[in-house]
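A short worksheet on the structure shown next.
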Amino acid sequence: EEAESSEIDEVISDTRKEENLVYLRTGVPYFKDFDDDEFYDLMDKAKLVTFEPGDIVMRQGMEGSVFYVIESGEVEITVKTAFEDPLTTPPDYLGAIINILGPHNYFGE
């Protein structure tokens, strides 16, 4: 029964992976100019990363070098403004939420 469960998980995982690749290839404009070899070479280097609620993925003003595609969950995009007083603003304040991204949305630099 345990081996059967593992095989089912593997089939589901493979199906999900294939669905994600199809979406990335056809639904993300960033990849439209890649030929198949370039696209699949890049996907071979891609990593699945999991974040916990409250984790900071990127910080405003920091140089980025990663492109993220959201498979599940949500990401809040926040921005600090010039009107915030650095003396009274808590150091852990990330800014005002300007957008919430969900599955199949993407962001990065």
Side-chain angles (χ1 to χ4, degrees):
E1 187 174 306
E2 193 172 304
E4 196 174 298
S5 175
S6 175
E7 288 174 17
I8 290 171
D9 289 344
E10 191 172 307
V11 168
I12 290 171
S13 178
D14 286 346
T15 301
R16 192 166 110 194
K17 181 178 180 181
E18 187 58 35
E19 289 170 353
N20 286 338
L21 285 173
V22 168
Y23 167 73
L24 291 171
R25 188 73 176 120
T26 61
V28 178
Y30 178 80
F31 299 118
K32 73 179 171 87
D33 293 330
F34 286 50
D35 66 31
D36 284 346
D37 288 339
E38 292 170 325
F39 175 76
Y40 287 106
D41 284 347
L42 182 62
M43 291 302 109
D44 285 342
K45 297 172 186 166
K47 293 187 248 178
L48 178 64
V49 182
T50 301
F51 295 95
E52 296 298 320
D55 283 354
I56 296 171
V57 179
M58 310 178 113
R59 286 197 180 271
Q60 180 178 342
M62 300 294 287
E63 187 173 321
S65 62
V66 180
F67 184 78
Y68 295 94
V69 178
I70 303 168
E71 182 181 40
S72 63
E74 293 182 333
V75 173
E76 293 179 346
I77 307 298
T78 60
V79 174
K80 290 184 181 179
T81 68
F83 301 108
E84 292 159 6
D85 181 356
L87 298 176
T88 60
T89 303
D92 60 346
Y93 176 68
L94 299 174
I97 297 172
I98 61 164
N99 203 354
I100 298 176
L101 304 177
H104 292 160
N105 288 140
Y106 45 91
F107 64 98
E109 305 201 4

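The hydrophobic clustering, which links ILVMFWY residues whose side-chain heavy atoms are closer than 4.5 Å, places V66 and L42 apart. No continuous path of hydrophobic side-chain contacts links Y68 to M62 [ILVMFWY only; heavy atoms under 4.5 Å]. Residues V57 and I70 fall within the same hydrophobic cluster, defined by Ile, Leu, Val, Met, Phe, Trp and Tyr side chains chained together at heavy-atom separations under 4.5 Å. Hydrophobic clustering (side-chain heavy atoms under 4.5 Å, transitive across Ile, Leu, Val, Met, Phe, Trp, Tyr) groups V69 together with F34. Note on I56: it does not cluster hydrophobically with I77, by side-chain heavy-atom contacts below 4.5 Å among ILVMFWY residues.
Taking the ring centroids of F67 and Y30, they lie under the 6.0 Å cut-off.
Using a 4.5 Å heavy-atom cutoff, the side chains of Y106 and P29 are in contact. No side-chain heavy atom of E76 sits under 4.5 Å from any side-chain heavy atom of L101. A 4.5 Å side-chain heavy-atom check between V79 and Q60 finds at least one atom pair inside the cut-off. You'll find the side chain of R16 reaches within 4.5 Å of the side chain of E71, heavy atoms only. In this structure the side chain of L24 reaches within 4.5 angstrom of the side chain of F39, judged on heavy atoms.
A cation-pi contact, defined as under 6.0 Å to the ring centre and within 45° of the axis, is absent between R25 and F31.
Without hydrogens or angle criteria, D55 side chain to E52 main chain gives a donor-acceptor distance under 3.5 Å. Here the side chain of T78 pairs a donor or acceptor atom with the backbone of L94 at under 3.5 angstrom. Counting only distance, with no hydrogens or angles, the side chain of E38 and the backbone of D35 share a donor-acceptor pair below 3.5 Å.
Taken to the nearest 0.5 Å, the OG1 atom of T88 stands 10.5 Å off from the OH atom of Y93.
The minimum heavy-atom distance linking S72 with P103 is given by the pair CA-CG, 4.0 Å.
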